[in-house]
Every structure is written in structure tokens, then in C-alpha cells.
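Here is how names work: the chains are called A, B, and so on, in the same order as the sequence lines, proteins then strands, and each is numbered from 1.
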Amino acid sequence: MTLFQEFLALVVIICSFSACTNTTIERTSEATAVPAIATSTYSEPSLASSSTVYFSYDNYNINSTGSEKIKSLASIVKENGLNVRVEGHCDERGTREYNLALGEKRANAIAELLIINGVSSSNITTVSYGEEKPESRGSNEKSWSKNRRALIKTS
Amino acid sequence: MMQSFYKIIYLLLILSSTYLSSQLRIEITGGSDEPIRVAMVPFEWKLNSAPSQYLHEIVKKDLESFAEFAVLNPEDMLSYPSLEEEISYRDWRLLKVDYLIIGSVLKSEIEGEINIAYSILDVSRRKNIHKALIKGSVKSLKRMGHNISDRIYHKINGIPGIFSTRIAYVDKPLSDADSYDLRITDIDGDGDLSLFKSNQPILSPDWSPNGKEIAYVSFEEGTSRIYIQELATGNRRALKRERGINSSPSWSPNGNYLSAVLSKGDNPDIYLYNLRSNAWTPLTGHYGIDTEPDWSPDGKSLIFTSNRSGSPQIYEINISSMRIKRKTFEGTYNARARYLPDGKNIIYVHRRKGVFHIALHNLRTGKISILTDTFLDESPSVAPNGNMIIYATKDRETDTDILAGVTINGKTRFILPSVSGGAREPAWSPILDKY
């Protein structure tokens with residue numbers, strides 16, 4: 001039997017349900033998906049130092065403890081000609097993409113303060129991880145306060 | 001007393017099964033409407049080999065998923081017709097059946113293929129309302145069953161069924177802090193598989209309108225970048241990367257553009273990416289945070305989150321006039337809005353008394369309804385028929401990240417528990433089996 005004959009035979013079967021009106025013919029396709037392989041995997045360079053500055057909720061102002069930290073860090077960076085990577089982080093409250101934006105504001109605030117303290121902008125890179133890399137897991141203020149932070153990594 | 005005892009048993013069952021399976025679980029919370037009564041006669045099986053699963057069981061499970069249908073058990077039937085002339089409508093009226101489904105599974109001349117012929121009949125009108133023939137592989141029997149469920153749903157409810165659709169989500173297992181996994185699953189929790197794994201964050205998956213590709217953000221290069229992955233092949237391509245944030249992709253309805261967020265202008269703004277020319281064009285340029293764009297179904301505007309007024313609120317931009325209008329005024333945190341398919345309603349994350357819920361907002365009347373009562377609700381995604389939403393939330397009992405859903409009328413809730421304890425960012429696919 002050719003495909004066409006087979007098709008006709010089927011139409012006859014369906015039509016036998018009743019007087020033949022419209023019959024929909026469709027094909028169900030296999031739902032497959034193939035995983036992709038990462039082309040590059042980021043690995044952190046060996047760090048000279050890593051310090052942390054904490055922030056209050058939905059805010060990117062650096063408090064006095066934070067600015068003192070940045071000030072002393074800036075002079076070390078200048079003396080040793082180090083590169084700085086600033087990572088902005090948030091707590092889990094609020095939406096992920098909004099927190100990604102907020103984390104960048106935090107990282108930029110730190111970068112600006114480093115520049116004010118004499119570090120060349122060409123030695124600074126910033127990245128925001130939003131709420132994706134919490135320091136502490138847990139849905140309470142104790143964890144949240146640890147997660148609202150900027151990490152200043154020198155290498 | 002007895003009732004609370006049962007409640008405890010029920011809770012224990014829910015908690016224990018969280019770790020055992022990722023099957024969809026339904027909880028009817030609102031006073032549901034009277035379900036539509038359907039009978040599906042076990043299909044006549046005209047093949048030599050025995051069936052691996054029964055179509056009427058697949059369809060029953062689908063249709064009863066969201067409490068809109070009650071499907072009669074075969075043992076309660078009075079007759080078992082497989083052809084229309086064999087139907088005694090009296091039998092079905094006695095059983096108070098509204099709709100009857102009959103059919104046969106037939107051999108195909110093609111090796112490994114089967115044909116399913118079936119009809120949907122309106123019992124009160126004694127009328128055949130739909131006849132169809134589905135062709136497919138023996139191995140895809142379950143998908144063919146979902147396809148029949150979709151068709152029944154559509155013919156009876158007037159809106160497409162979503163039983164063939166899938167959910168993309170990001171999985172971050174509790175046991176491994178440095179593992180991120182982009183996965184897809186059928187909506188009943190079956191066929192869960194990995195699309196992309198990384199030791200760096202993955203976020204914001206978004207389906208292409210034809211359901212063949214997924215755009216997402218990966219930090220695999222140490223900073224955010226948008227990728228597009230083709231499901232069938234696993235091939236992926238990276239969008240042109242700019243300085244700063246590259247995130248929040250949203251596909252245009254015609255599939256030619258992505259809207260996304262870049263912060264190369266020193267603060268996050270909404271941009272358009274032309275997928276043919278690989279060029280970025282800015283849409284907004286405010287000094288505040290603009291993020292989380294979503295394309296309107298007609299392709300003419302976008303909604304996005306902006307803190308230009310001091311707190312995150314939802315705005316709409318008309319792409320041709322570039323006019324921007326604020327849409328939300330209630331509360332101090334409204335973010336990550338998504339259009340419903342009608343373009344007249346949106347859902348978003350709304351903070352009320354310090355708690356994050358998912359809100360439904362009618363753009364014409366301004367009416368706002370809170371749809372969820374769980375904890376830290378985020379990332380809402382709308383089913384392609386507009387009838388339900390899925391979102392990410394925290395299960396406070398187990399302290400795990402789970403996916404939960406609710407029908408748009410708020411009456412039926414469901415959860416899709418995660419095996420690893422870290423499911424997040426669900427994205428509901430478009431209708432995949434077009435009919």
C-alpha cells in the first residue's frame with residue numbers, strides 16, 4: 001500500500017464515525033532536546049586579597065566603615081600596581097534582574113570611591129551577581145545582611 | 001479533631017514526596033466551579049503489540065490537572081463504543097456526561113508509527129464536534145495523549161490546552177553551591193532534562209515564539225552575557241557582548257528581535273537587539289534602573305521595571321512613538337511584569353506589608369488582584385492560553401526553592417516540587433504542537 005492509499009484508508013475509517021465533515025490531520029512530533037556544552041569556564045585568578053563591604057537594604061551607599069576600608073585598600077593597590085575586581089551582591093528579596101541592576105550600582109559605588117582615592121579606572125573591573133551568589137543561605141535578616149555586599153578582589 | 005489529623009497526614013505526604021518525585025501536585029483552594037464531565041472510552045487498540053500506556057489514563061490525568069474537568073472511570077461506563085454509530089446517547093446522559101470521546105489506535109504502514117483516530121461528541125446536542133487523526137511514533141504515545149487533551153480542552157473551553165507545553169527553569173541544587181543547571185520539563189513533571197550546566201550563574205530563560213530556542217543569561221565568562229540555544233541540536237550562539245550588564249532577554253513576538261538590558265551607558269537601560277544584524281539599539285536612557293522588559297503580544301510596546309520615580313514601578317513604552325507611561329501606583333515595589341496573551345492584563349511581583357506576592361493587574365480598569373499567598377514569590381510566567389501562571393517561591397516548611405502555580409481566577413493552586421530543592425525562574429513555553 002502506498003502512503004496515499006494508507007491515508008485514504010484512514011480517512012474512510014474516520015468518516016465511518018458519521019457523515020464525513022472536516023477531519024483534522026496532524027502529526028505529533030517527538031519532544032527532544034540536546035544539552036549544550038559551555039565553551040568557556042570562568043576561573044578566578046589567584047588573589048592577593050579579598051575584602052568585603054556591606055550595604056543596607058535596597059541601597060548602594062557606602063557607610064563610614066566601608067569607606068575607611070576602601071581608602072586603605074586603595075593605597076595598597078596603588079603601591080603594588082594591583083588589578084581590582086569589584087563584585088556587587090544583593091539579598092534574595094526582590095526580583096532577580098532588578099537585583100542584578102542594584103548589585104551593579106553597589107559595585108560601581110565602590111569603583112568610584114577607589115578612583116577618588118587615586119586608583120586608575122583602567123585597573124578596575126566591576127561585575128554584578130545580583131542575588132545569584134549568596135554568602136549565607138537562609139531567609140532571615142541575619143543571612144540577608146551578610147549577602148548585601150561588595151567583594152573587592154585584588155590580584 | 002479528625003480533620004486536623006487528616007491535614008497532618010496530608011502535609012506529611014506532601015513533605016515526604018517533595019524528595020521523592022517532581023510530579024505536579026494540585027491543591028484546590030478556592031470554591032471551584034462545577035467541573036465539566038467528560039467520558040473517554042478506552043480507545044480500541046488495533047495493534048499487535050500491547051500498549052505501553054493507556055491514552056484514556058493520560059488524558060484523564062491531564063484534564064483533571066487543574067480541576068476544570070471530571071473524567072469518568074471506564075469501570076463506571078455502561079457501554080464502550082469506538083465508532084459513532086455504536087453510541088447510545090442515553091447511556092451517557094444517565095451518567096450526566098457532557099462530552100464523550102471515542103476512538104481507535106491504528107497501525108501505520110510506516111515502521112514504528114501509529115495513527116490515532118478520534119472524535120469528540122457533545123452529548124446533549126448528540127453532535128460530533130470534532131474529528132481528528134493524529135500520526136506519530138509509537139514512542140511518542142504520551143505526547144499524542146497530551147495532544148488529544150489539548151484538543152479536547154480547546155473544543156470545550158474555547159481556549160488552547162497547555163498539556164503539551166513545557167516549562168524551562170534554572171535548577172540550583174542545595175547540595176552544590178557552584179552548580180547551575182538550565183532544564184526543561186513537561187508540565188506534569190515528566191521528561192525533565194538538562195539543557196545547559198555551568199559552575200557560574202544562569203538566569204532569565206525566555207522561549208522563542210516558535211518554541212525551538214531559548215535565550216538566557218550565563219556568567220560562564222565571569223560576567224553576564226546573553227546566549228541563544230536551539231533545543232533540538234544543543235547549538236548555541238552568544239549575543240554581541242557590551243560592557244557591564246547584559247541581561248533580561250525577551251523575544252519579540254515575530255522572533256526577529258530581543259529586548260534586553262545593557263548597562264554600557266553606566267546604568268541599566270532597555271535595548272533592542274536585531275537578531276539578523278546583531279546590533280544593539282537603545283530604547284530607554286534614564287539615569288535610574290530600567291530592567292525586565294517584556295514584549296506586548298501585538299509587538300507594539302514593552303513593559304519594564306524602572307526606579308525613575310524612586311521605587312521600582314512598571315512602565316510601558318510604545319516602540320514607535322517612544323512614549324513612556326507609568327502603569328503601577330499602588331505600593332513601593334512592583335517589578336518584573338509579564339503580559340497576558342490578551343495584552344490587556346499584566347502580572348508582576350508586588351510587595352505588600354513587606355511580603356512579595358504575584359499580582360494580576362487589568363491595564364484598562366486598573367483593578368489589581370493578589371493571586372498568591374506564598375512566601376518570597378517571584379519570576380511569574382504566563383501559560384500560553386493565559387489561564388494560569390507559574391512562579392518561583394520558597395517552601396517555608398522545607399526551606400527549598402520550588403515552582404508553584406495558580407489559575408488566573410485564583411481558584412486552583414499547584415506546585416511542581418523540585419528534586420534538588422533549588423528550582424527557580426520558570427518560563428512557560430508557547431504552544432508547541434500547533435494545531
TODO: Please collect all ring pair (Phe, Tyr, Trp, His ring centres under 6.0 Å) contacts where either partner lies in residues 118-155 of chain A, sequence neighbours excluded, each pair once.
DONE: A:His89-A:Tyr129, A:Tyr129-B:Phe219

TODO: Over all heavy atoms of both residues, which pair between B:Ala232 and A:Val34 is shortest? Give the atoms and the distance, please.
DONE: O-CG2, 3.1 Å

Open item on the list: For a quick test of reading the model, state the closest non-hydrogen atom pair linking B:Gly222 to A:Val127 and the distance between them.
Closed with: O-CG2, 3.6 Å

With only heavy atoms counted, which part of [X] is less than 4.5 Å from chain A, the side chain, the backbone, both or neither?
{"X": "B:His146", "result": "neither"}
{"X": "B:Arg351", "result": "side chain"}
{"X": "B:Phe356", "result": "side chain"}
{"X": "B:Thr233", "result": "backbone"}
{"X": "B:Tyr180", "result": "side chain"}
{"X": "B:Glu113", "result": "side chain"}
{"X": "B:Ser247", "result": "both"}
{"X": "B:Ile87", "result": "neither"}
{"X": "B:Glu221", "result": "both"}
{"X": "B:Asn235", "result": "neither"}
{"X": "B:Ile245", "result": "both"}
{"X": "B:Arg166", "result": "side chain"}
{"X": "B:Leu203", "result": "side chain"}

Tell me which of these, [options], has more heavy-atom pairs under 4.5 Å with chain A than the rest.
{"options": "B:Arg336, B:Met144, B:Lys139", "value": "B:Met144"}
{"options": "B:Thr223, B:Thr305, B:Leu376, B:Val349", "value": "B:Leu376"}
{"options": "B:Ile184, B:Asn307, B:Asn267", "value": "B:Asn307"}
{"options": "B:Glu220, B:Lys394, B:Glu86", "value": "B:Glu220"}
{"options": "B:Ser140, B:Ala392, B:Ser311, B:Gly136", "value": "B:Ser140"}

Open item on the list: With a 6.0 Å cut-off (strictly less than), is the heavy-atom count around NZ of B:Lys197, excluding the residue itself, greater than 12?
Closed with: no

TODO: Check whether more than 12 heavy atoms from other residues, nucleotides or ligands sit under 6.0 Å from atom NZ of B:Lys212, and answer yes or no.
DONE: no

Task: Engaged part of A:Thr126 at the chain B interface, taking heavy atoms whose separation is under 4.5 Å - done: neither

TODO: From the options B:Asn115, B:Leu133, B:Ile134, select the one residue that forms a side chain to side chain contact (heavy atoms under 4.5 Å, CB included) with A:Ile25.
DONE: B:Leu133

Between atom [atom1] of [X] and atom [atom2] of [Y], what is the distance when rounded to the nearest 0.5 Å?
{"X": "A:Glu131", "Y": "B:Glu378", "atom1": "CD", "atom2": "CD", "result": "5.0 Å"}
{"X": "A:Arg93", "Y": "B:Tyr333", "atom1": "CZ", "atom2": "OH", "result": "10.0 Å"}
{"X": "A:Thr23", "Y": "B:Tyr118", "atom1": "OG1", "atom2": "OH", "result": "10.5 Å"}
{"X": "A:Thr95", "Y": "B:Tyr348", "atom1": "OG1", "atom2": "OH", "result": "13.5 Å"}

TODO: May I ask you to list the residues in residues 96-108 of chain A that approach chain B closer than 4.5 angstrom, counting heavy atoms only, ordered by number?
DONE: A:Arg96, A:Glu97, A:Tyr98, A:Leu100, A:Ala101, A:Leu102, A:Glu104, A:Lys105, A:Asn108

Task: Heavy-atom side-chain proximity of A:Lys133 to B:Gln200 below 4.5 angstrom - done: yes

